[in-house]
Amino acid sequence: MKVGDFTVELVAADTKQPFTEHTAPDGQVYAEVEPDVDYFVSLSCSVGLGSARAEIFVDGVYLAYTSGVNSNPN
């Protein structure tokens with residue numbers, strides 16, 4: 001999902017491929033992930049940043065994990 005200059009993806013741990021995303025009628029974006037599948041969260045930014053941090057929530061639950069955001073200018 002891309003919001004402004006930031007991109008967040010849920011990525012399959014085994015294949016390194018992002019899961020399929022769907023947009024609900026209310027505009028919320030959801031990733032299609034089967035239960036008990038291992039994944040990681042990929043965070044990136046399309047512009048150079050001094051620094052940025054992200055708090056990770058999945059299904060509305062805070063994972064108690066904060067990460068730096070990678071800057072990947074085009």
Side-chain angles (χ1 to χ4, degrees):
M1 170 176 76
K2 185 165 176 60
V3 177
D5 295 323
F6 296 90
T7 301
V8 178
E9 294 178 309
L10 292 183
V11 179
D14 57 351
T15 65
K16 309 296 187 260
Q17 295 297 312
F19 289 102
T20 302
E21 295 179 353
H22 302 280
T23 303
D26 65 0
Q28 291 274 5
V29 178
Y30 298 91
E32 182 180 328
V33 181
E34 294 295 323
D36 301 320
V37 171
D38 291 331
Y39 63 88
F40 62 90
V41 179
S42 172
L43 307 169
S44 63
C45 182
S46 61
V47 298
L49 298 172
S51 65
R53 308 248 345 133
E55 293 181 339
I56 311 299
F57 291 77
V58 174
D59 291 336
V61 176
Y62 178 52
L63 299 182
Y65 181 76
T66 302
S67 175
V69 178
N70 295 326
S71 181
N72 298 317
N74 294 332

All ring pair (Phe, Tyr, Trp, His ring centres under 6.0 Å) counterparts of Phe40, not counting sequence neighbours | none
Qualifying residues under ring pair (Phe, Tyr, Trp, His ring centres under 6.0 Å), relative to Phe57, sequence neighbours excluded = Tyr62
Determine yes or no for a side-chain-to-main-chain donor-acceptor pair under 3.5 angstrom, with Asp59 supplying the side chain and Val61 the backbone.
-> no
Which donor-acceptor pairs under 3.5 Å do side chains of residues 6-16 form with protein atoms, sequence neighbours excluded?
residue: Thr15; atom: OG1; partner: Gln17; partner atom: N; Å: 3.2
residue: Lys16; atom: NZ; partner: Ala13; partner atom: O; Å: 2.5

Hey, is CG on Asp36 packed in by over 12 heavy atoms from elsewhere, all under 6.0 Å?
-> no
Look at the side chain of Glu21 and the backbone N and O of Met1, then say whether any donor-acceptor pair between them is shorter than 3.5 Å.
-> yes
Shared hydrophobic cluster, Tyr30 / Val37 (ILVMFWY, side-chain heavy atoms < 4.5 Å) | no
